[in-house]
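Worksheet for the structure shown next.
None of these values were measured; they are calculated from a predicted model. In what follows, chains are A, B, ... by sequence order, proteins preceding strands, each numbered from 1.
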Protein chains: 2
Amino acid sequence: MFRMTRQADYGIVLLACFAQREEGDSLNARDLAAEVHLPVPMASKILKALARAGLLASQRGVKGGYRLARRPDEISLAEIIDALEGPIGITDCSSGDHSSCDIAALCAVRGKWQSISGAMREALGSISLASMAGPPEPGPAAAAGRRPLPSAPARGKRARKEGSP
Amino acid sequence: MFRMTRQADYGIVLLACFAQREEGDSLNARDLAAEVHLPVPMASKILKALARAGLLASQRGVKGGYRLARRPDEISLAEIIDALEGPIGITDCSSGDHSSCDIAALCAVRGKWQSISGAMREALGSISLASMAGPPEPGPAAAAGRRPLPSAPARGKRARKEGSP
DNA sequence: CAAAATAGGACTCAAATGGTCCTCTTATTG
DNA sequence: CAATAAGAGGACCATTTGAGTCCTATTTTG
Ligand code: FES
Ligand code: FES
């Protein structure tokens, strides 16, 4: 449907590594990259961004590295994504002011998008890194996809999704 | 956060025009384009795609045009988006097979993303075109952004992977 | 000081998007 | 039947964006 950038995805994977270890464990870019099989420069770039955003604490110099700035259950997906791909909305238009879209003024659906966008943001905000790093069991994480995500009780909505590609 | 393509956005605006009129009303690309202040070729392109996807019924020839193939409350956002930007998932990886991502095998969070992706899909699937076209009142549409979208009970709770819900 | 790490950008390359145009087919109408 | 008004279906280009690399500081440790 929508696509998150790959970097954000990687970032979460990277952070999950921390979440799966001891609390204050410190790891450097090289080891981390090896762990998730990512090219070092890539991992490095992402880690830097994460550190800049305050999600990771960094330590320079020999024996330096990164560690989580907060407990894994105190970090939400929304924050990670924000850090890695900026606070953009679902649509160009729904993100704050109507700078990009020239039809914004007469756009009938603008407000709705903002609502939906906000809902997603909240949803992502309520999923913690800890739950992403947890076991694939029907634990907290599976629940993430479990609930039908009640949103708009679209009046007769059971529009069948017929067309199977 | 994520961004939907502009075309999908436009498509929804376009469809909303139909939803705001009489049931079987027919409109041609030119008029529609004028109504939403979009360049005609763009509108045309989008309408064609929508028709191909079966969301609009088209009539060729003089006095031709498009009209909704179904009732506005029988068309979901998910369908529209699928029609306009293909069935891609939140992450490259979460969309079906692990073709694109080379770290898919050892990716700890893959499964979780698929769940989340599915949840969003469902959420969008439950919002009808009718509710997008409706008044900005706290009607069905506002509700879209209302509920906190229960997903993973994250914040400050059992961080440890354990702790049965 | 030397080595090992992060910080911070600049840079390149490929792919996706937005947007336009052209040609063909179908229908209406006089 | 001919003219015209639509949609169908692509081809096409320009720009933006994203992925990924690299180079040069700046900090630490020993
Ligand atoms: S399409 Fe841009 S504001 Fe709605
Ligand atoms: S990052 Fe690609 S499968 Fe998780």
Side-chain angles (χ1 to χ4, degrees), chain A residues 1-11 13-14 26-34 36-67 69 81 83-86 88 91-93 95 99-103, chain B residues 2-11 13-14 26-34 36-67 69 81 83-86 88 90-93 95 99-103:
Chain A
M1 201 91 71
F2 309 107
R3 202 169 53 225
M4 197 173 58
T5 63
R6 211 174 255 221
Q7 287 195 14
D9 195 10
Y10 292 160
V13 176
L14 254 356
S26 177
L27 293 167
N28 67 28
R30 241 197 23 196
D31 295 349
L32 227 15
V36 299
H37 283 120
L38 230 52
V40 180
M42 246 287 104
S44 189
K45 178 183 192 172
I46 294 169
L47 290 166
K48 279 183 267 187
L50 254 9
R52 219 172 315 159
L55 295 178
L56 285 177
S58 66
Q59 167 77 16
R60 291 189 177 188
V62 178
K63 302 199 65 174
Y66 299 91
R67 66 194 161 69
I81 296 173
L84 257 14
E85 60 185 28
I88 33 183
T91 64
D92 279 352
C93 325
S95 33
S99 40
S100 36
C101 185
D102 18 325
I103 75 174
Chain B
F2 309 107
R3 204 168 55 223
M4 197 173 59
T5 63
R6 211 173 256 220
Q7 288 194 14
D9 196 8
Y10 291 160
V13 176
L14 253 358
S26 177
L27 292 167
N28 67 29
R30 242 196 25 199
D31 295 350
L32 227 15
V36 299
H37 283 120
L38 231 50
V40 181
M42 246 288 103
S44 190
K45 178 182 192 171
I46 295 169
L47 290 167
K48 279 183 270 187
L50 253 11
R52 220 172 315 158
L55 295 178
L56 285 176
S58 65
Q59 168 77 14
R60 290 188 178 190
V62 177
K63 302 198 67 176
Y66 298 92
R67 65 195 161 69
I81 296 172
L84 258 14
E85 61 185 28
I88 32 182
I90 298 283
T91 64
D92 279 353
C93 325
S95 32
S99 41
S100 34
C101 186
D102 18 325
I103 75 174

Under-4.0 Å side-chain N/O to phosphate OP1/OP2 contact, B:Arg52 with D:dG9: yes
Distance-minimising heavy-atom pair for A:Ala83 and A:Leu50: CB-CD1, 4.3 Å
Rounded distance in Å - CG (A:Leu14) to P (C:dT6): 12 Å
Heavy-atom closest contact (A:Val40 atom, A:Ala33 atom, distance): CA-CB, 3.8 Å
Gap between atom CG of A:Leu27 and atom CG of A:Leu32 - 0.5 Å precision: 5.0 Å
Length of the CD-C1' vector between A:Gln7 and D:dG20, whole Å: 8 Å
Given DNA chain D, 5'-ward residue of the pair B:Gly65 and A:Gly61, judged by closest heavy atom: B:Gly65
Short side-chain N/O contact from B:Gln59 to OP1 or OP2 of C:dT28, under 4.0 Å: yes
B:Ser58 to B:Ala51 - nearest heavy-atom pair and separation: CB-CB, 4.5 Å
Length of the line joining B:Tyr66:OH and D:dG9:C1', which is rounded to integer Å: 11 Å
Closest-nucleotide 5' rank along DNA chain C - winner of A:Val62 and A:Lys45: A:Val62
Residue of the set A:Met4, A:Arg6, A:Gln7 for which side-chain contact (heavy atoms from CB on, under 4.5 Å) holds with A:Glu85: A:Met4
Protein-nucleotide distance (B:Met4, atom CE; C:dT17, atom P), rounded to Å: 12 Å
Gap between atoms CZ and C1', on A:Arg6 and C:dA14 respectively (whole Å): 12 Å
No-H, no-angle donor-acceptor pair, B:Arg60 side chain to C:dT25 base, under 3.5 Å: yes
Given DNA chain D, 5'-ward residue of the pair A:Lys63 and A:Lys48, judged by closest heavy atom: A:Lys48
Distance in angstrom units between B:Ile46 CD1 and C:dT17 C1', rounded: 12 Å
Distance test, side-chain N/O of B:Tyr10 to OP1/OP2 of C:dT17, below 4.0 Å: no
Value in whole Å for how far the C1' atom of C:dT6 lies from CZ of A:Arg67: 14 Å
Integer-rounded Å distance: D:dA5 P and B:Leu32 CG: 19 Å
OP1 or OP2 of D:dT17 under 4.0 Å from side-chain N/O of A:Thr5: no
